[in-house]
Amino acid sequence: MTQNMADDVNMPENHVNGFEETPGEREDQNEADETEETMIEDEENLEELVENASNEYQDLSNTLDQIDRYMTNLENQNDSLVSKLQDLLESNRQMRAELQQENAKVKNS
């Protein structure tokens with residue numbers, strides 16, 4: 001009986017046990033399963049990172065679009081103010097010229 005037990009312990013590598021597995025096959029399968037799980041997790045993490053980056057890019061794009069609209073509005077207001085100031089300046093020049101002409105007439109009279 002001791003000899004049979006010793007023979008069982010020294011089984012050849014290709015020996016099939018009652019579970020139809022060769023010794024070490026379960027460990028190899030576990031390592032393969034863990035590797036596959038790790039790859040799936042890595043892929044899910046990558047997809048999450050890509051989605052987060054995409055969302056951040058979209059938020060940034062929206063923010064830049066909003067800033068562009070504000071800047072366009074400021075430029076339009078600035079152009080309007082410049083135009084109004086030029087009109088006011090021209091009006092003041094005309095008034096000054098008229099006053100100078102009236103003063104000249106008063107002095108000559």
Close side-chain approach of E44 to E48, heavy-atom, < 4.5 Å: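 They are not in side-chain contact.
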
Heavy-atom check, side chain of L74 versus side chain of Q77, under 4.5 Å: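 SC-SC contact between L74 and Q77 confirmed.
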
T72 side chain vs D68 backbone, donor-acceptor pair below 3.5 Å: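 A pair under 3.5 Å: yes.
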
Side-chain donor/acceptor of T63 to backbone N/O of D59, under 3.5 Å: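 Here the side-chain-to-backbone pair exists.
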
Measure the spacing between [atom1] of [X] and [atom2] of [Y] and express it to the nearest 0.5 Å.
{"X": "L81", "Y": "Q86", "atom1": "CG", "atom2": "CD", "value": "11.5 Å"}
{"X": "R69", "Y": "L64", "atom1": "CZ", "atom2": "CG", "value": "10.5 Å"}
{"X": "E90", "Y": "Q94", "atom1": "CD", "atom2": "CD", "value": "5.0 Å"}
{"X": "N103", "Y": "N108", "atom1": "CG", "atom2": "CG", "value": "11.0 Å"}
{"X": "M71", "Y": "N78", "atom1": "CE", "atom2": "CG", "value": "10.0 Å"}
{"X": "L88", "Y": "M95", "atom1": "CG", "atom2": "CE", "value": "9.5 Å"}

Polar contact flag, side-chain donor to acceptor under 3.5 angstrom, Q66-N62: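 No, no side-chain donor-acceptor contact under 3.5 Å.
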
Full working for side chain to side chain contact (heavy atoms under 4.5 Å, CB included) between Q100 and R96: CA-CA 6 Å; Q100 286 176 346; R96 182 176 179 183; 3.5 Å; yes

